[in-house]
Structure formats: structure tokens, C-alpha cells
Amino acid sequence: MENLLSKEEMEAVITGNHGNVFAVLGIHKDKGSKEVFIRTYQPHAKSVELLKYDDSSLGFLTKLDDRGFFQINVGAVDNFPYRFRIENDLGQFYLKEDEYRFPSVLGDIDVYLLAEGNHLEMYKKLGAHVMEMDGVKGVGFAVWAPNAKRVSVVGGFNNWDGRAHVMRKHPTCGVWDIFIPGLKEGELYKYEVKTQEDYILVKSDPVAFWSEKRPNTASVVYESKYHWNDDGWMNYREEHNSFDKPMSIYEVHLGSWRRKDGNEFLTYRELADTLVPYVSNMGFTHVEFMPLTEHPLDSSWGYQVVGMFSPTSRFGTPDDLRYLIDKFHEANIAVIMDWVPAHFPKDGHGLNEFDGTHLYEHADPRKGEHSDWGTKIYNYGRTEVCNFLCASALYWLKEFHIDGLRVDAVASMLYLDYSRKNGEWIPNIYGGNENLEAISFLRRMNELVYGQNKGAFTCAEESTAWPMVSRPTSMGGLGFGYKWNMGWMNDTLKYMSKDPIYRRFHHGMLTFGLLYAFNENFILPISHDEVVHGKGSMLSKMPGDEWQKFANLRAYYGFMYTHPGKKLLFMGCEFGQDWEWNSEESLRWHLLQYPMYKGMQNCVRDLNYMYKGNPAFYEVDFDYRGFEWIDHSNADDSVISYMRKGSTPGDYMIVICNFTPVVRHDFRVGVHERIRYQEIFNSDDVNYWGSGVKNEGFMQAGDIPANGKEFSIEVVLPALSTIVIKPIRE
């Protein structure tokens, strides 16, 4: 029977220009023929012999082209399993499966859902998966590149030759796939993408589950073998929402919390042995990792992501990260991870112009680029891109048992004119500056997180007055669980930076936050952003001599921990690190040998335990019923006093902050009940390197009215302090 393959098709396969090699290579009955042909392209082969699975020979393939194109006519037979015995140009023999005889790794339903942009578990199909087909072990690969002329898997297994493993295209969804027999976990790979303009791009896998350690950029075949031990934690989480529970978050940059000798990173497993007990002993309820998704540049701190499904290899394997999270859960500490759907870097191996077109990003730089950050913006109007991002969010929650996602740079997503001048942005269809597509994406993402992961939550880093960020989508909100309260942080830090003699003129900065404190479910953030880029350390923001700086900071933390809203403190701030944070070195742990720093650490630890131990501080965080001013107008003394109330009647705490370096004796505070009261926290305690001025024993309320209340107590207010007083009932 004559060969029905045209020379043009054969040439296209050899030169890597054929858009559908599965129609040529492998086992085929050509159109108009009853005969079955097997064809293969083996550029370094001297001969190719066809074998059955019992190793009996069906003959040698004919070499149709000296560059390595072979064919054999096997007659009128049905499809059958076979392999090749190949002699290479060095005279060596080896057995090889034919990757072009295997079916697609995608089922019909996968193709349909991917085409629809609604495959929420697309990471179970796209990427690289160790699998078995027809009894043969290997790796299945799939990648979305709808506009490519050709896509190939390349790696050391084929000498990075894009002609060797050309993938099958599914035109309906634009996904390419191939099963490569014999490959195993740990294999390095990339995708070679030939564009419609015949440029060759070499890309990392957007859905890689692990990556080479930077500066190398290949993706790594990885299959998790981890067995979780946190069933108790996950069950508890499902049954208890976080809104009326304590939330004291320790924000961590894993690369610089602590380092080994030689300035090397601690691994995920080493952090499980050191960071977990530290966070637990300090009394924090949550830990928040700055982004752990793979990123090329250390100095981006993880915020310029190239691997939305790949934990960074800087600290170990994905299962090592699972182990670290498991250990946090074992210690009853929830894990939040920074997640970055706002933008991605322009690195050549990443998502930028992935298939030669603006696939993941907007083509128009007025919508597709952040000039401030030198990054690209996702095209939220494209269903496949939104599906990619939503699937990433769900992946971290489901596959890594992450408890919460803190979504970075939400404001940059919401506004089309974010950090842009006139003429540098395009209004929406109504002429406004709201990014309607991004809003729709955020709502969808939040609905999926809360709908599919009971007990998980999301936090928005959103710095504007956008309404209802942390309100359900059914009410017209964005659907986040929490919002960072940037206004409170900015106002109060500005107040604290003033010399106490001038604070009386800025008293409103302390109290203004209560006018909007219950508009959102707020987290009070003292984050990494407050101690970088020349802003100095928290300690350096405080005025006065050394003692006053520490006293100011302890008083401020006391105010923060007793104020409505959940709490977040960046690593190092808990012991008053003297220099601003440097991501390239360890925190300055040696400072703890000095009493002022150790005292600060003791103070934060005790604040955590006091906060967790008294429901009045956390049960009613997002409702005015959990807060009552005693006196907000004493600007002359720079003193404020208020009550925090729990959900049980009669459960309340009295907080008094004195932001001047003056001890105030016989200071009268109005109370509701004629009972005894007791001081349970004092930021001036000698254990905190304070002066030790305190209220000993019990304070009996008397009949002298004060602050509009029928009864009052007399207290002594230490200089630059926050004190907490508890009602005592027999």
C-alpha cells in the first residue's frame, strides 16, 4: 500500500511546524485506506524496530527521511499496544514507548469545563501529573495556550528539543496535552511555545506544583504523598466561625524571621521546629505567611508571583510546607497566606504573553500594566483567567489546608485609575473608574472560598473607602471576611509619632477610628509595610528618650489589643526591633539579651494571653454593642478611656490610655456598677521594663458620679501607659 502521508506534512513534523502531530504520528488508519500505519519521529535514531508487548518483533520501520522520520505498514489490524527498540547514532540500543499512541489526559467533561472557564479543579488536569495509561507509568502534561501554533514539553529527557514531544491541541478549550511514558517525579520540564509569528518561547508551567530553586526557572514534576494529621483542627474550624473568636496574627516573612549561620534560609521543616513553638509561646492565634507562591526575585518578598500553584522551593518541598502547616494546626494556630491575584511580573518564563498573545493580561497597557511596579495586570474579563485564579485560591485551601487568604493590593484591582494620571486609564462602560470585571472576579472568588471551604476566610488589603468590602455579595458587598483597617493604622501611628506635648492638638487621630469602626470587619494591621522603605522600625517612630520610646510603644500596643478589631503584628515588632526590617537578614534576636527588648516581648506575650482570655475583647468586635466610650474628649491630658463588652451581660473590661509622660494620681473614672475592680494589665509593669507604677489590690467604686455615670473609681495612671481594669463580683 502506498504511503498516503504528504511530504509537506512530514516536513512540518520534522521542522516542528505541524499544528496537529497526533494526526500524523502514532498508530493511524489513513483516510481512504484500510491499512494501518505507525509513524514516529526520532531525530537521533539509526534504526527503529516495532515490538509487541511480548517483545516479539513486527519488523523495522522504514526511514522516510534521513533526519529521523520512520514509518511502518502493519496491515489491516486494530489498535494494539506496542513499543520501539531504537538504535541511536552512537550504536546504543534502548526500548521506548510511543507517546503518540496514548489517548488524551483530558476527558470530555474536562474539555467542556475548561472551554466554559468553570473548571474549579483545573489543577487536577492541567500541570504535570504522575499517572498510568494502558498499564504504562509516566507523566501527563496539559497547558492552556489557545493561540500557539505548537506547544511541546521539553526537558533533559528529550535534550530540550521541542520537536520531540509535541502536544495534542483541543481546539474547543485551547488546551494542549500529552502523556509521556517513563517520566517520573522530580523531572524538570518547561513548555516550548511556537507562536503564530514563529517565535519560540520557553515557559514555566503556570500550573506547576513545584519549581526549581531560583535563579533556575524550570518546573518540577511533583506528586504529594503527605498524610495530614489535622482532622481535629479542620473539624473544629468547620464548626466555629472566626468572627467572634480571638484573632491575633503574627505576620512572617519566612526568609528573614531567623536564618542559619552563613545567612542561609531555615527550611520549612526547621521552621516547624522553631517558628511554631515561638508563635505558640507568644500567645498568637494565627500566623500569616507573606507570599509563598514561587517568585523569581527575593526582594519582591514574594509579591511578584510566577507560580500560582507552586510553593517556593527556597525552603523545601511542597510536602515540607504541608508539614509546617500541619504543625501549626497541631499547636491550634490558624495559618493565613498572602495571595496575589492583582498582578504578575514580566519575566520571560512566566505568564507574560504566554502563547505569543496577551493571554493572561490585558493587551492595552492602560488596563494591563502597573507602571509603578513594572508588572502586568490579569485580564479579569476573561473567564479562563478568572477560573485560573479562583482555582489557585481553592487549591491552597484544599490541598494545603490554609485557613485564610489575605488578598494583596485589592485597591489596585478595584480602580481603573489606580496610581494613574488622566489619559492613562480607560473608564468602564458607564464612564466610571470602577473595574467592573475585577469586582465580579473578587465576588466570585469569595463566594467559592466560603462556599467550598467551611471555616476558611479571606482578608482584603484595601486602603480606600470602598464600601462593603467585608459584607456578603448577597448584600452587594465584595464578600471578604475581613478588611485591613489602614485608616486606623495611619491615624494612630501619626498620633504616636507626635511629641506628647503636642498630642493634645491631635487627639482626634486617636478617636476618629471609632466613627467607622463597625462599617467593616476590621483587622488592625501593624504589618511589614510600616517598617520598610525608610519608615524605620516601630520603636523609631516613637518620640522621647529610650525609656519613653519603649513606654510609648507598649502603651500603643495596649491600645491596639483592646480596640475593636482583630490584631496583626509583623515579626520583630513584638520585641521592638531597633532597625527597620531587612528581608535579606535575620531579625535582630540578639537584642533580647537587653531588658528593654525582653520587656517589650513580655508585654506583647501578656497582651496576647489577656486578649485571648477575656471574651469582652473579641466576641463583639464588629458591632457598636461591643464598645462604649467612658471619656473620649480629654485632649488636655491626652487620656482616653472606654469599655469593651462581651456577648454575656455584665462581661466588660475598662481600658485607660495615658499618652503623656506624666503619672496621674487620683484619676477618677466613671463606672456602671458599685462593685470592686482590679487591674489585670499595666504596660508600665517592671516585667516590661516599665517604672512599676500600678494599682494594687482592689478598687472599690464609690457614689461619686463621673463621666456621666453614677459611680466611679480612683486610679493611678502611669506615664505613657495603657491599663486594663476588670470588674470583680463575689
Side-chain angles (χ1 to χ4, degrees), residues 8-26 39-45 65 67-70 84 86 96-106 114 125-131 133 138-171 173-184 187-208 211-212 216-221 348-357 359:
E8 288 77 18
E9 279 200 285
M10 187 164 61
E11 183 68 21
V13 171
I14 293 169
T15 57
N17 286 313
H18 202 295
N20 185 15
V21 292
F22 274 83
V24 177
L25 301 182
R39 303 188 185 97
T40 186
Y41 173 57
Q42 304 292 340
H44 301 291
D65 188 288
R67 289 170 290 178
F69 197 99
F70 295 82
F84 302 130
I86 296 177
K96 184 180 185 298
E97 296 284 349
D98 183 4
E99 50 275 355
Y100 292 102
R101 80 170 180 84
F102 292 94
S104 171
V105 302
L106 302 180
L114 288 165
K125 292 297 176 180
L126 301 192
H129 296 273
V130 177
M131 59 174 62
M133 276 197 172
V139 177
F141 297 89
V143 64
W144 181 55
N147 306 304
K149 184 180 280 189
R150 165 179 64 78
V151 183
S152 309
V153 184
V154 293
F157 50 87
N158 61 16
N159 295 314
W160 301 90
D161 186 343
R163 299 169 301 170
H165 291 102
V166 179
M167 304 173 82
R168 169 197 294 107
K169 184 178 183 180
H170 298 267
C173 61
V175 171
W176 301 70
D177 83 283
I178 192 171
F179 173 74
I180 304 182
L183 293 192
K184 297 176 181 175
E187 197 74 61
L188 302 182
Y189 72 98
K190 285 189 177 183
Y191 295 115
E192 182 179 289
V193 179
K194 189 162 196 173
T195 72
Q196 293 296 333
E197 289 75 33
D198 291 329
Y199 292 114
I200 297 292
L201 307 172
V202 184
K203 295 287 190 177
S204 301
D205 189 345
V207 191
S211 308
E212 266 192 302
N216 298 322
T217 57
S219 301
V220 184
V221 177
H349 66 284
L351 298 179
N352 188 25
E353 296 185 20
F354 186 80
D355 63 357
T357 68
L359 187 62

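Just so it is clear, the structure is predicted and the values come from calculations on it, not from any experiment.
Rounding to the nearest 0.5 angstrom, the gap separating the CG atom in Asp177 from the CZ atom in Phe22 is 6.5 Å. Between Asp65 atom CG and Met10 atom CE the span is 5.0 Å, to the nearest 0.5 Å. A distance of 9.5 Å separates CZ in Arg101 from CZ in Phe84, rounded to the nearest 0.5 Å. Atom-to-atom distance recorded for Ile200:CD1 and Lys194:NZ is 5.0 Å, nearest 0.5 angstrom.
For the pair Leu126/Leu114, a side-chain contact is recorded, criterion being any heavy-atom separation below 4.5 Å from C-beta on. Residues Leu183 and Val221 form no side-chain contact, since every pair of their non-hydrogen atoms from C-beta on lies 4.5 Å or further apart. Taking 4.5 Å as the limit, every side-chain heavy atom of Val193 sits out of range of all side-chain heavy atoms of Val143. Taking the side chain as every heavy atom from C-beta outward, Ile180 and Val139 never approach each other to under 4.5 Å. Taking 4.5 Å as the limit, every side-chain heavy atom of His129 sits out of range of all side-chain heavy atoms of Val105.
Tested against Ile178, the residues Val166, Val151, Val153 include a single side chain to side chain contact (heavy atoms under 4.5 Å, CB included) partner, Val153.
Below 30°, between 30° and 60°, or above 60°: for Phe141 and Phe157 the angle between ring planes is below 30°, a parallel geometry.
Side-chain atoms of Thr195 come within 3.5 Å of backbone N or O of Glu197 as a donor-acceptor pair. With hydrogens and angles ignored, the 3.5 Å screen pairs a side-chain donor or acceptor of Gln196 with a backbone N or O of Asn147. Asn159 contributes no side-chain N or O that, together with a main-chain N or O of Asp161, makes up a donor-acceptor pair within less than 3.5 Å. Lys169 places a side-chain N or O within donor-acceptor distance of the main-chain N or O of Pro146, the cut-off being under 3.5 Å. Under the 3.5 Å distance criterion, the side-chain polar atoms of Arg150 are matched with a main-chain donor or acceptor of Gly162.
In this model, no donor atom of one side chain and acceptor atom of the other lie less than 3.5 Å apart for Asp205 and Ser219.
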- [ ] List the steps, then state whether side-chain contact (heavy atoms from CB on, under 4.5 Å) holds for Thr40 with Tyr100.
- [x] CA-CA 8 Å; Thr40 186; Tyr100 292 102; 5.9 Å; no
Task: Residues Leu25, Phe69; criterion side-chain contact (heavy atoms from CB on, under 4.5 Å); working and verdict - done: CA-CA 10 Å; Leu25 301 182; Phe69 197 99; 3.9 Å; yes
TODO: Evaluate the side-chain contact (heavy atoms from CB on, under 4.5 Å) criterion for residues Val207 and Trp144: first the C-alpha distance (whole Å), next the side-chain angles of each, then the deciding distance (0.1 Å), finally the verdict.
DONE: CA-CA 10 Å; Val207 191; Trp144 181 55; over 6 Å; no
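Pairing each heavy atom of Lys190 with each of Lys203, the nearest pair is CB-O, 3.3 Å. Considering every non-hydrogen atom in both Gly356 and Leu201, the closest pair reads N-CD1, 3.7 Å. Of all heavy-atom pairs between Trp176 and Gly174, the closest is CD1-O, 3.7 Å. For Arg163 against Ile14, the heavy-atom pair with the smallest separation is CD-O, 3.1 Å. The minimum heavy-atom distance linking Thr217 with Ser204 is given by the pair O-OG, 2.5 Å. Closest approach of Leu351 and Pro206 over heavy atoms only: CD2-CB, 3.6 Å.
Here Arg67 pairs with Glu11 in a salt bridge; the nearest charged N to carboxylate O distance falls below 4.0 Å.
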